[in-house]
Amino acid sequence: MYKDVIIPDVDEFKHEGGEHEYIDDLEQLSEEDRQQMILAGIDVKEEQRSGTYIQEDQSVVHCKAKQEGVEVMDVRTALEKHEWLKDYMWSGVNPEADEYTKKAYEKPHYGYFIRVLPGVKTTYPVQACLYLETDNLSQNVHNIIIAEEDSELHIITGCATKPHLQSGLHIGISEFFVKKGAKLSFTMIHNWAEGVYVRPRSVAMVEEDGLFVNNYISLRNVKSLQMYPTTHLNGPNAIARYNSILVAPEGSHMDVGGRVILKREGCRAEIVARTLSTGGKIIARGHLVGEVPGIKAHLECKGLILGDGLIHAIPELEGKAPDLEMSHEAAVGRIGQEEIEYLMARGLSEDEATSVIVRGFLNVDIKGLPEQLQREIDRAIEQGEGKFF
Amino acid sequence: MLEIVDLKVEVEGKIILEHIDLEVPEGKTYILFGPNGSGKTSLLRTIMGFSGYNVVEGKIYFKGKDITDLPINERARMGIGMSFQHPPAIDGIKVKDLLKICGAKDEEIPELARKVNFEHFLDRDVNVGFSGGEIKRSEILQLMAQQPDLLLIDEPESGVDLENIPLIGRVLNFLLKGINGNGKKYCLREEREARKRSGLIITHTGYILDYVDADLATVLFHGRIACSGNPRELLKGISEHGYEECVKCIRM
């Protein structure tokens with residue numbers, strides 16, 4: 001049966017060390033690192049990517065932009081280059097929010113800066129990988145992502161660890177700025193290890209007619225994951241969509257949610273989560289706050305339990321004005337025998353039928369996502385599938 | 001093809017079928033009549049092997065083999081196919097994926113779907129938001145992909161609007177004849193000779209009899225076989241006098 005995780009103090013991890021050399025070509029990565037990154041959606045040939053940022057432990061090991069109008073840098077270099085950037089840093093996330101955020105403020109280890117200039121649309125997604133290599137190390141990154149007016153930016157970010165990493169902490173501060181009429185999709189594929197603690201802390205600011213799509217996929221073991229990304233829809237007709245696909249194997253503890261605050265007329269938000277526990281614990285939260293009349297928001301949280309798992313769905317709707325439309329549907333359960341037998345009547349064994357139903361359950365069609373990224377998600381699910389049972 | 005011997009079935013502690021003896025030979029199509037709750041659907045589900053339908057006594061043989069204790073998928077693999085009256089919806093699985101599971105090849109799927117006017121549903125999730133008629137067409141389509149030797153069909157016409165009944169009827173007829181409606185014309189004798197498939201069809205209205213050559217009908221009443229006979233004659237008797245009278249008359 002499920003046991004709760006004891007979270008070590010943030011200072012039990014090393015915040016110094018873990019230096020690695022810069023490489024010009026991802027071909028220079030070791031074979032095992034390359035395989036781990038591929039599993040997290042990274043294209044190591046960089047053919048279908050508009051830019052790449054790779055950070056191992058506390059060092060930037062590779063960074064480039066391949067398209068005019070697209071900037072990809074480590075955040076320190078970006079701060080030197082852009083005087084104005086300091087006004088963006090920590091404008092969304094409060095450094096005092098908790099001990100992890102505080103640590104990332106006091107002991108930052110780079111992080112990426114990705115920006116598209118006004119009107120520019122990325123041909124291919126920009127990719128970023130944050131990689132943990134050294135045992136018992138804390139990686140504290142601060143990422144800034146800016147989609148300028150009328151631009152379109154797609155980012156895929158894969159987080160992974162060296163195989164057999166015993167223990168580690170990842171703190172990731174991310175601040176997103178979606179300007180007027182811009183579209184930003186952020187797809188995060190996590191591939192952590194059994195002994196890793198993960199604390200992403202992200203806030204997005206979306207202006208008028210802006211669209212922010214936040215996709216989160218985690219299909220492997222992780223000791224403890226806790227995050228609650230918040231999006232502020234600050235301009236009229238701004239839209240936020242969250243899609244999460246989470247699998248918690250035995251020994252994993254995930255406390256994951258999303259919050260969207262709809263502040264202006266015409267704003268819309270949708271939070272969709274599919275959670276599967278094969279023995280771990282998942283707390284699936286969601287919080288929608290409607291502050292003005294005429295907004296629309298929907299939250300959908302479906303959980304499936306196989307074996308001795310635990311799923312706790314906590315959907316919250318908070319309406320602060322008349323004439324708003326907010327709804328949620330939450331369901332937690334196991335696979336119905338009827339569904340399994342229906343597929344068995346079409347020739348599948350019980351295990352095959354279960355596997356097909358689980359795959360279908362995790363198969364979320366994500367609107368507005370480039371086909372390549374949908375493929376990466378499908379591939380991640382396919383590869384994860386063998387390990388679900 | 002199918003032989004049921006002195007079958008007794010219990011569901012949740014209640015006997016719902018008793019003393020069932022039924023043989024459906026190769027190439028024959030039998031009709032099951034009976035009022036609501038008489039055990040028709042239970043009989044089909046027991047033949048298919050669904051959980052909750054416990055065979056207390058008796059045996060089911062298919063192609064000469066005792067299948068009484070076989071899992072559902074092994075019965076399906078031996079050639080039993082069933083169309084469901086109320087199938088479950090399955091999120092994230094598209095109709096075309098299910099057709100592949102049933103055994104259809106990629107390239108034949110659009111053509112098969114066209115035969116039941118279902119091309120526009122291939123990318124929809126299985127049974128999610130389907131109307132009664134759409135479910136029927138989807139079920140028949142799956143059987144067309146599956147090509148079973150014994151078809152168990154639960155009320156093919158219920159929920160189908162009148163103009164779609166001929167379509168369902170014709171396709172089902174093709175399916176029973178094992179010719180999958182490939183457009184080739186067969187004369188009646190050829191058709192009958194070609195028939196290797198067997199069918200067991202539940203119907204309330206009997207509309208399906210206009211399209212399918214049924215050889216025999218059996219009436220289930222309170223979980224037992226009340227009588228058997230010519231499908232049209234039995235249907236006429238039932239619709240004129242009702243099941244109670246019909247059963248009484250036969251018992252006398």
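Chain letters run A, B, ... following the sequence lines, proteins first and then strands; every chain starts at 1.
- Contact record, A/Met326 with A/Leu288: CE-O, 3.3 Å, taken as the closest heavy-atom pair.
- Taken to the nearest 0.5 Å, the NZ atom of B/Lys28 stands 13.0 Å off from the CG atom of B/Leu176.
- Between the side chain of B/Asn164 and the main chain of B/Leu167, no donor-acceptor pair closer than 3.5 Å is present.
- The side chain to side chain contact (heavy atoms under 4.5 Å, CB included) check on A/Ile305 picks up A/Ile311, A/Val332, with sequence neighbours excluded.
- Taking A/Ala193 as the reference, A/Thr161, A/Val196 meet the side chain to side chain contact (heavy atoms under 4.5 Å, CB included) condition, with sequence neighbours excluded.
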How about the chain B/chain A donor-acceptor pairs under 3.5 Å, what are they, with distances?
residue	atom	partner	partner atom	Å
B/Ser51	N	A/Glu341	OE1	3.2
B/Ser51	N	A/Glu341	OE2	3.2
B/Ser51	OG	A/Glu341	OE1	3.4
B/Ser51	OG	A/Glu341	OE2	2.7
B/Arg77	NE	A/Gly347	O	3.0
B/Arg77	NH2	A/Gly347	O	2.8
B/Met82	O	A/Arg346	NH1	2.8
B/Met82	O	A/Arg346	NH2	3.2
B/Asp91	OD2	A/Lys302	NZ	3.3
B/Gly92	O	A/Asn363	ND2	3.2
B/Asn127	ND2	A/Tyr342	OH	3.3
B/Glu139	OE1	A/Arg346	NH2	2.7
B/Glu139	OE2	A/Tyr342	OH	2.4
B/Gln142	OE1	A/Tyr342	OH	3.3
B/Gln142	OE1	A/Arg346	NE	2.5
B/Gln142	OE1	A/Arg346	NH2	3.1
B/Gln142	NE2	A/Tyr342	OH	3.1
B/Gln146	OE1	A/Arg346	NH1	3.3
B/Gln146	NE2	A/Ala345	O	2.9

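- Per-residue counts of heavy-atom pairs under 4.5 Å with chain A were compared for B/Gly49, B/Gly92, B/Gly81; the largest is that of B/Gly92.
- The ring-ring contact (aromatic ring centres under 6.0 Å, His included) analysis of residues 125-156 of chain B, with sequence neighbours excluded, yields the pairs B/Phe118-B/Phe130, B/Phe121-B/Phe130.
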